[in-house]
Amino acid sequence: MFVNDFAARDNLAAIPFPEVTVVLVTSPEHALASREEPWTRAELQSHVELSVHDSSESERADPTMFGGSRVFFLSDFATKRQALLSGLGFGWAPLYLIASDLEQGRLVEVPYERGSRYSFQPMLVYRVDRPMGRAGRRFVELLRP
């Protein structure tokens, strides 16, 4: 499984992948694009937050979510990007996916008091007692630069 945080365990091994930078964005027509001073968490909670639904069964809260009552879950980042471009809300998006949208002004970075960017290193985690086979190893080769 791919995870964005990993606590080492004896029965699990992790393969690190390149760091991913994530940016808080919205469309230039959205109300959150209207000022330069940072928004507070409470202010952001009054707007529709777009999020990709986590497929894990973890009950842990996602620390990157703002916790408001107006969260709209989408199934994948391509759909989320389209919703952001349409002005349906705001949310975190991987920089590699939206870099050209930022450069061309189709999306804008939302100033946030705790920072509008963060980075993490995704890991592919697998059980030590069930090492990857040829297909798994080839999958890793294709995904790593």
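All residue numbers in this chain count up from 1 along the given sequence. Not measured: the values here are computed from a predicted model.
The backbone N or O of Ala93 lies less than 3.5 Å from no partner atom in the side chain of Lys80, so there is not a single donor-acceptor pair. In this structure, the side chain of Thr26 engages the main chain of Gly89 through a donor-acceptor pair within 3.5 Å. Judged purely by atom type and a 3.5 angstrom limit, Arg137 uses its side chain to pair as donor or acceptor with the backbone of Met132.
Scanning all heavy atoms of the two residues, the minimum distance from Gly91 to Leu84 falls at N-CD2, 3.6 Å. Across every non-hydrogen atom of Ser27 and Ala33, the tightest pair is O-CB, 3.6 Å. Nearest heavy-atom pair, Leu74 versus Ala83, reported as atom, atom and distance to 0.1 Å: CD1-CB, 4.3 Å.
For the atom pair CG (Leu85) and CZ (Arg81), the distance works out to 5.0 Å, reported to the nearest 0.5 Å. Put simply, OH on Tyr126 and CG on Leu12 are 10.0 Å apart, with the number rounded to the nearest 0.5 Å. The distance from the CG atom of Asp101 to the CG atom of Leu107 is 4.5 Å, given to the nearest 0.5 Å. Interatomic distance, Trp92 CH2 to Glu49 CD, rounded to the nearest 0.5 Å: 9.5 Å. Atom CG of Leu50 is separated from atom CD of Gln82 by 12.0 Å, given to the nearest 0.5 angstrom. To the nearest 0.5 angstrom, Glu29 atom CD is 10.0 Å from Ser86 atom OG.
Atom CZ of Phe120 is surrounded by more than 12 heavy atoms from other residues, nucleotides or ligands within 6.0 Å.
Contact annotation: the side chain of Val108 never approaches that of Val25 to less than 4.5 Å [non-hydrogen atoms, C-beta and beyond]. Residues Arg117 and Glu109 have side chains in contact (heavy-atom distance under 4.5 Å, counting atoms from C-beta outward). Side-chain contact check for Thr79 versus Phe77: every heavy-atom pair is 4.5 Å or farther apart. Looking at Phe90 and Val48, their side chains never come closer than 4.5 Å, going by heavy atoms from C-beta outward. Inter-residue side-chain proximity for Arg106 and Ser100 is flagged as met; some heavy-atom pair is nearer than 4.5 Å. Residues Leu44 and Tyr112 meet the side-chain proximity criterion, which asks for heavy atoms closer than 4.5 Å. The shortest distance between side-chain heavy atoms of Trp39 and Leu32 falls below 4.5 Å.
The closest side-chain donor-acceptor pair between Thr40 and Glu113, if any, does not fall under 3.5 angstrom.
Using the six-membered ring where Trp is involved, His47 and His30 have ring planes that are tilted, between 30° and 60° apart.
With sequence neighbours left out, Phe17 forms a side chain to side chain contact (heavy atoms under 4.5 Å, CB included) with Phe2, Ile15, Pro122, Leu124, Val140, Leu143, Arg144.
Electrostatic pairing of Arg35 and Glu43 counts as a salt bridge here, judged by a charged N lying under 4.0 Å from a carboxylate O.
Both Val23 and Val110 sit in one connected hydrophobic cluster of ILVMFWY residues. Membership requires side-chain heavy atoms under 4.5 Å apart, directly or through other members.
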